[in-house]
Protein chains: 2
Amino acid sequence: MWVKLSPAEGTYNDGPGETGVKIAVLGTGNVGGALGRRWAQAGHDVFFGARDPNGAEARAVLDRAGERARVGTCADAIAAADVVLLAIPWDQTRAVLQAAGSLRGKILMDCINPLTSDLTGVTLGHTTSAAEQIAEWFPEARVVKAFNTLSAATMENPQYGDLHAHVFICGDDEEAKATVQQLAAALGFDPIECGPLKLARHLEPLAALYVYLAVFQGWGGDCAFRMLRR
Amino acid sequence: MWVKLSPAEGTYNDGPGETGVKIAVLGTGNVGGALGRRWAQAGHDVFFGARDPNGAEARAVLDRAGERARVGTCADAIAAADVVLLAIPWDQTRAVLQAAGSLRGKILMDCINPLTSDLTGVTLGHTTSAAEQIAEWFPEARVVKAFNTLSAATMENPQYGDLHAHVFICGDDEEAKATVQQLAAALGFDPIECGPLKLARHLEPLAALYVYLAVFQGWGGDCAFRMLRR
């Protein structure tokens, strides 16, 4: 278990926070666009992977991310990276990763939620999860579940008054989790260590709960889960 | 969708908060003991249902709850109540309710979590939940999922600085949910309307996540989930 960072301890802005991590961000939607831009601006080498690297969406994301960022195919982005953010639809995930060549040793940050088409449920769970399924398909990769319970608005800005949104993190590779924890803290999130990868069975339903509240109960994107303590 | 109460709106201590609700609290452990005592002290008629109404645990719970409370068999408690808190183990739930006679019109507040024996997972989920299973077994009852994501310490005291712990509530009967919302607010919780009963598929894994953090990650009972807003 790594040390929990908290804003009160002042570790966000002056912590060690590795820079220069080679990050592939697969997907140029709200999620990939927000996290990729912020990592690039925090000093990391971000390579966006896009279905159409010359399309308008990819170019717009690249423009916002600044000069440290690049864009190409998902396969090219993965080949150049040590850490890969999966911010693509669940039903494309296996094919995109299969097309990418070796994933040996690469850290896969999985923020995917396998939601039902009506957005109210998950299409798998309880005895498995998207994260565990990915780890089963690609055992040479180091899968970490993270960033899946957050709105795009919270990814842009994780601060809520004096409190910071949590990134719930689970995985079976301690070193990989520590890297993801640093990448989360570098963007101002308060990471929580949630145990082995099978805890993704609980984190994916948490995202479905979030989506329900945001979309169907009218909470919108400016809200985020936090564990209160005393 | 009922109006969300929040501490900032000052609705906790001076809200209407029906008193005199006839509540059966099934179970005299930490959960039933804490909520039953607090409802009794808030002016409700609490009837504890115990496996052994003359046992030491039942007597101790009754002593703490004060003179508005009673204790008897689960069947007697249910017969006398309009609202029933299920705070018994999941594997006893069906038999206890079957032994109770008619549940017609009664509100069942289900705070049960069908955890695996190692406490890291749920034994059913994703396409169903304990709450939905209870509703299927007893279609004449009005099942509301609530109070399942809280530690006993938070049930005793839901306040965390200026913030109050959430009670996540879902169910298919709007009037029943409104009653549960009032019973939660009366104890100082900040209730959240989470939609139809099938959302219990997400609330039960949230409890499993809570248990994992509390027990295996060392967070303990003095923590509670909250949705941050801005």
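Per chain, numbering begins at 1; letters A, B, ... match sequence-line order. Just so it is clear, the structure is predicted and the values come from calculations on it, not from any experiment.
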ask   = What do the steps show when you test B:K198 against A:D118 for salt bridge (charged side-chain N to carboxylate O under 4.0 Å, His left out), and what is the final call?
value = CA-CA 13 Å; B:K198 75 173 185 175; A:D118 70 356; 3.7 Å; yes
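In this structure, OH on B:Y212 lies 9.0 Å from SG on A:C170, to the nearest 0.5 angstrom. Atom CH2 of A:W219 sits about 4.5 Å away from atom CZ of B:R229, to the nearest 0.5 Å.
Within a 6.0 Å radius of CG in B:N30, other residues, nucleotides and ligands contribute 12 heavy atoms or fewer.
Heavy atoms of A:P114 lying under 4.5 Å from chain B are absent altogether. With a 4.5 angstrom heavy-atom cutoff, A:L209 touches chain B via backbone and side-chain atoms both. Residue A:A207: no heavy atom, backbone or side chain, is found under 4.5 Å from chain B.
Between chain A and the options B:L124, B:L203, B:V122, heavy-atom pairs under 4.5 Å are most frequent for B:L124. Listed options B:T123, B:T116, B:T127 were ranked by heavy-atom pairs under 4.5 angstrom with chain A; first place goes to B:T123. By number of non-hydrogen pairs under 4.5 angstrom with chain A, the leading residue of B:P196, B:G195, B:A224, B:C223 is B:A224.
Of the possible polar contacts, one joining the A:Q217 side chain to the B:E193 backbone as a donor-acceptor pair under 3.5 Å is found. Looking only at distances, no side-chain donor or acceptor of A:H126 sits under 3.5 Å from a matching main-chain atom of B:T128.
The shortest side-chain heavy-atom distance between A:L163 and B:R226 does not fall under the 4.5 Å cut-off. In this structure the side chain of A:R230 reaches within 4.5 angstrom of the side chain of B:T154, judged on heavy atoms. You'll find the side chain of A:M227 reaches within 4.5 Å of the side chain of B:L213, heavy atoms only. Residues A:P205 and B:L206 have side chains not in contact (no heavy-atom distance under 4.5 Å, counting atoms from C-beta outward). At a threshold of 4.5 Å between non-hydrogen side-chain atoms, the residues B:Q159 and A:L228 do not count as touching.
Every pair passing salt bridge (charged side-chain N to carboxylate O under 4.0 Å, His left out) that includes a residue from residues 139-155 of chain A is listed here, sequence neighbours excluded: A:D110-A:K145, A:R142-A:D173, A:R142-A:E175, A:K145-A:E204.
Note on ring orientation: taking the six-membered ring where Trp is involved, the planes of A:F168 and B:F225 are tilted (angle from 30° to 60°).
Partners of B:K106 under the salt bridge (Lys or Arg N to Asp or Glu O under 4.0 Å) rule, at least two apart in sequence or in another chain, do not exist in this structure.
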